[in-house]
Protein chains: 2
Amino acid sequence: MRENPLEQARLLFIRRWGEMAASWGISRTMAEIHALLYLAPEPLCTDDVMEQLEVSRGSASTNLRQLENWALVFRIHRRNDRKEYFEAETDVWQMFEIIIRERRRREVQPIVETIERCLTLVEDGRGKSGAGGPADVDAFKKRFTEIRDFTEAMNGVFNLVSKAGRLGLKPLAKQLARLAR
Amino acid sequence: MRENPLEQARLLFIRRWGEMAASWGISRTMAEIHALLYLAPEPLCTDDVMEQLEVSRGSASTNLRQLENWALVFRIHRRNDRKEYFEAETDVWQMFEIIIRERRRREVQPIVETIERCLTLVEDGRGKSGAGGPADVDAFKKRFTEIRDFTEAMNGVFNLVSKAGRLGLKPLAKQLARLAR
DNA sequence: CTACTATTTCAGTATCTTCTGAAAGGTCTA
DNA sequence: TAGACCTTTCAGAAGATACTGAAATAGTAG
């Protein structure tokens, strides 16, 4: 079984998916479970996950719950079976949209708000005593403004790619042209 | 000094920038140093960094070195001064390009190569004994192919945004239209 | 060459994250 | 209501990451 090429591919992918996620600040085990389910031809139960990835019941439960909260994994109930089964979202563009939307909300929004606040503070500082000259104020304002403009542009790009990316480059170009008008 | 609005903005931004980076798998201190230098009106030396962020000499040295390796920070030498000073890249789009290019190389490329390898393995598995039916082979192939197509599309988007993003949406649309043709 | 100044390295430590395993909690059936 | 079965929770353990502080290294001027 282990030297079966399909099985090799499966294990290799799961391992690397976990490593990539880990380097982007997502728990390795959570990503491995996601990969396992992404490749599974049918829903798996908690014990399947525990067995295949060699993790404890607690870890499997917690990580499956998190994946469910992200809407990357769905809980499936079967008649005459008390167990819960899990199935992954398999639309890659949908996965992308979910991940970007959530991470933006949790991990980018705070800095965006902070920058707005900083711009307000900088304006407050203009002409205040001990605040450095107007040159300093302008320098700060420039730096903050540049970051804000960048985040706004990226925001637009991601929204667009989420919406039109799956359709290919042509519709993406069309949408973008409309936005740029 | 602490209640100076400019100073408040500076400290707030440095703190948040570090937090955001930490949640994306980049060392908090490294990001704080980067933010400190990004806002500094002129180059700072190691002792400035140690003092302002309250970190040890070892940490300052290591993190500055890393930022230099990323080309997000430059080392400056002054005549009649043995000390080294540091200055940040201040072009936000350039920062973006550097970060994406490096992280792609280090943390995305491995999974891309793995997927290619998986697709090869899957083809090897076709018709092999114990490998599951052709239906299984096709299912695996589909999942891997979808991820590969996605990564290729994203690759294109990032290259494009790196090149044309700073120019605004219009040139971006123009470039994209050319690509899509 | 020596003294002086600045930078790098690294073993030990601290901190943060994630996992484990077992107990507690839920839910269904007889 | 008891018993079977499954899931969740959480205190303690393990592991990963990053920091500290001091010794080693490197470079420069006299």
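Chain letters run A, B, ... following the sequence lines, proteins first, then strands; residues in each count from 1. Remember, predicted model here, so these are calculated numbers, not experimental data.
- When the nucleotides C:dT8, D:dA18, D:dT7 are ranked by their closest atom to the side chain of B:R57, C:dT8 comes out on top.
- Candidate nucleotides C:dG21, C:dT8, D:dC6 were compared by shortest atom distance to the side chain of B:S61, and C:dT8 ranks first.
- Separating the CZ atom of B:R82 from the P atom of C:dC4 is a distance of 11 Å, rounded to the nearest angstrom.
- Put simply, CG on A:D47 is 14 Å from P on C:dG21, counting in whole angstrom units.
- Atom CD of A:E84 is separated from atom C1' of D:dT7 by 7 Å (rounded to the nearest Å).
- Side chain of B:R75, nearest nucleotide from C:dT20, C:dT7, D:dT8: C:dT7.
- Across the protein-nucleic acid pair, A:K83 atom NZ and C:dT27 atom P stand 19 Å apart, rounded to whole Å.
- Closest non-hydrogen pair, A:R143 versus B:A40, comes out as NH1-O, 3.9 Å.
- Below 30°, between 30° and 60°, or above 60°: for B:W93 and A:F150 the angle between ring planes is above 60°, a perpendicular geometry.
- Distance A:M50 CE to C:dC19 P: 13 Å, rounded to the nearest Å.
- Looking at heavy-atom distances under 4.0 Å, A:R28 makes no contact with the nucleic acid at all.
- Note on ring orientation: taking the six-membered ring where Trp is involved, the planes of B:F144 and A:F13 are perpendicular (angle over 60°, cut-offs 30° and 60°).
- Seen from the ring of B:F140, A:R10 does not count as a face-on cation partner, given the 6.0 Å and 45° thresholds.
- With ring centers used as reference points, A:F86 lies 6.0 Å or more from A:F74.
- A:R79 has its CZ atom 13 Å from the P atom of C:dT29, to the nearest Å.
- Here D:dC19 is the nucleotide among D:dC19, D:dT8, C:dC19 with the atom lying nearest to any side-chain atom of B:S56.
- Whole-Å rounding puts the A:D81 CG to C:dT27 P distance at 17 Å.
- For A:T62, whose side chain is taken as the heavy atoms from C-beta onward, the closest listed nucleotide among C:dT7, C:dC28, D:dT9 is D:dT9.
- Within 4.0 Å of B:S59, counting heavy atoms only, lies at least one base atom of the nucleic acid.
- Dashed line: the shortest gap from a side-chain N or O of B:N80 to OP1 or OP2 of D:dA29 is not under 4.0 Å.
- Proximity note for B:V55 (side chain, C-beta onward) versus D:dC6, C:dC19, D:dT20: the nearest is D:dT20.
- In this structure, the CD atom of A:Q66 is 12 Å from the P atom of D:dT9, given to the nearest Å.
- Regarding contacts with the backbone of C:dT7, every side-chain N or O of B:R65 stays at 4.0 angstrom or more from both OP1 and OP2.
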